[in-house]
Amino acid sequence: MGKYILLIGNDATEVFDYYKVEEMHGLNRADAQAEEVDKTVGNGVYIYGLTNYDPADKKLTAKAPYKPFLFLNLGTFKKYNVTEKATADMHETMHMSILLNNWNIKDKEEEVITYAEDEANKIIEKLKSTKIEAPKKGFFSRK
């Protein structure tokens with residue numbers, strides 16, 4: 001996606017699998033798995049989306065080769081209606097827009113929001129044209 005990596009998984013553990021880590025940014029794979037599989041495995045966390053730095057980016061530069069990531073968990077998205085899915089997408093792109101501006105959005109509010117809106121629309125289009133989700137209807141399909 002240019003300045004960041006878009007990751008789409010079928011459950012919350014796939015972001016950990018992608019980076020080959022058991023823990024990142026205060027979250028751990030066992031707790032992510034607990035939400036998806038069995039609450040007795042860990043504390044359980046609810047991840048419908050996650051935006052953050054590459055776990056290898058120790059200096060938090062958000063620059064190649066350590067681009068930040070935006071992860072969407074399609075396993076939880078199937079619980080939501082089309083409006084809620086779009087809101088979740090926009091929520092994560094807002095996080096990304098703020099991260100890419102080094103958390104300094106003073107006097108850049110419109111630019112940050114517009115970037116997030118544009119990225120959210122790109123992701124929605126990408127998901128509409130991809131047959132990733134298991135349910136009969138597509139990610140943003142209409143009845």
Side-chain angles (χ1 to χ4, degrees), residues 1-57 60 62-143:
M1 297 293 293
K3 296 179 181 182
Y4 64 95
I5 297 170
L6 174 63
L7 301 172
I8 301 167
N10 291 310
D11 66 58
T13 63
E14 289 188 13
V15 68
F16 296 90
D17 295 343
Y18 179 83
Y19 285 107
K20 297 178 176 67
V21 297
E22 291 298 311
E23 186 175 63
M24 70 169 97
H25 311 300
L27 301 170
N28 66 63
R29 189 180 200 291
D31 286 345
Q33 185 175 13
E35 166 64 27
E36 302 299 332
V37 182
D38 179 357
K39 292 265 189 210
T40 64
V41 174
N43 294 324
V45 294
Y46 186 75
I47 301 173
Y48 73 75
L50 178 64
T51 298
N52 219 315
Y53 296 95
D54 180 317
D57 187 0
L60 306 180
K63 304 258 189 275
Y66 305 117
K67 290 182 179 182
F69 67 87
L70 188 156
F71 172 73
L72 297 174
N73 177 1
L74 297 187
T76 61
F77 268 53
K78 61 186 161 189
K79 300 174 186 175
Y80 298 115
N81 67 40
V82 66
T83 304
E84 292 166 328
K85 290 174 185 176
T87 300
D89 180 27
M90 182 64 188
H91 177 96
E92 292 305 322
T93 58
M94 273 303 301
H95 281 299
M96 182 57 70
S97 189
I98 293 167
L99 183 152
L100 291 172
N101 279 281
N102 296 314
W103 313 102
N104 178 11
I105 61 171
K106 185 178 180 183
D107 301 324
K108 295 189 231 177
E109 182 180 333
E110 282 301 318
E111 293 85 11
V112 168
I113 292 170
T114 299
Y115 178 82
E117 290 169 342
D118 291 344
E119 293 302 300
N121 289 330
K122 289 176 192 174
I123 292 170
I124 289 169
E125 288 305 312
K126 190 174 287 287
L127 290 170
K128 281 169 53 176
S129 66
T130 306
K131 301 210 188 265
I132 295 173
E133 192 174 354
K136 292 177 183 83
K137 298 261 181 216
F139 185 81
F140 282 97
S141 66
R142 293 185 176 90
K143 291 182 180 177

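Reckoned from all heavy atoms, side chains included, excluding hydrogens, waters and symmetry mates. Sequential numbering from 1 along the given sequence is applied to the chain's residues.
- With rounding to the nearest 0.5 angstrom, the CD1 atom of Ile113 is 12.0 Å from the CG atom of Asp118.
- A donor-acceptor distance shorter than 3.5 angstrom exists from the side chain of Thr87 to the backbone of Thr83, with no hydrogens or angles considered.
- Summarising the geometry, atom OG1 belonging to Thr93 is positioned 9.0 Å from atom OH belonging to Tyr115; distances are rounded to the nearest 0.5 Å.
- The aromatic ring centroids of Tyr19 and Phe69 lie less than 6.0 Å from each other.
- Side-chain contact between Met94 and Ile98 is present, with at least one heavy-atom pair separated by less than 4.5 Å.
- Annotation: side chain of Asp89 is not in contact with side chain of Leu127 (no heavy-atom distance under 4.5 Å).
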*asked:* The test is side-chain contact (heavy atoms from CB on, under 4.5 Å); show your working for Ile123 and Glu92 and say whether it passes.
replied: CA-CA 11 Å; Ile123 292 170; Glu92 292 305 322; over 6 Å; no
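- Atom NZ of Lys3 is surrounded by 12 or fewer heavy atoms from other residues, nucleotides or ligands within 6.0 Å.
- The CG atom of Asn81 sits 4.0 Å away from the CD atom of Glu84 when rounded to the nearest 0.5 Å.
- In terms of heavy-atom proximity, Ile8 sits nearest to Glu14 at O-OE1, 4.2 Å.
- Between Tyr4 and Glu119 the shortest heavy-atom distance is OH-OE1, 2.6 Å.
- The minimum heavy-atom distance between Ala62 and Leu99, with the atom names listed, is CB-CD2, 3.8 Å.
- Partner of His95 under the side chain to side chain contact (heavy atoms under 4.5 Å, CB included) criterion, chosen from Leu100, Thr51, Asn52, Leu70: Thr51.
- Taking the six-membered ring where the residue is Trp, Tyr53 and His25 present tilted rings, their angle falling between 30° and 60°.
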Working note: Lys63 + Asp57, criterion salt bridge (Lys or Arg N to Asp or Glu O under 4.0 Å); need CA distance, chi angles, decisive distance, verdict. CA-CA 9 Å; Lys63 304 258 189 275; Asp57 187 0; over 6 Å; no
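- Ile124 approaches Ala86 most closely through the heavy-atom pair CD1-CB, 4.2 Å.
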Give the intermediate values and the outcome of side-chain contact (heavy atoms from CB on, under 4.5 Å) for residues Tyr48 and Lys79. CA-CA 10 Å; Tyr48 73 75; Lys79 300 174 186 175; over 6 Å; no
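- Annotation: side chain of Met1 is in contact with side chain of Lys126 (closest heavy-atom distance under 4.5 Å).
- In terms of heavy atoms, Phe71 sits closest to Asp11 at CZ-O, 3.4 Å.
- Of all heavy-atom pairs spanning Arg29 and Val21, the tightest one is CD-O, 4.5 Å.
- Here Leu6 contributes atom CG and Leu72 contributes atom CG; the two are 6.0 Å apart, rounded to the nearest 0.5 Å.
- Glu125 CD to Lys122 NZ: the interatomic distance, rounded to the nearest 0.5 Å, is 12.0 Å.
- Put simply, the side chain of Leu27 reaches to within 4.5 Å of the side chain of Leu50, judged on heavy atoms.
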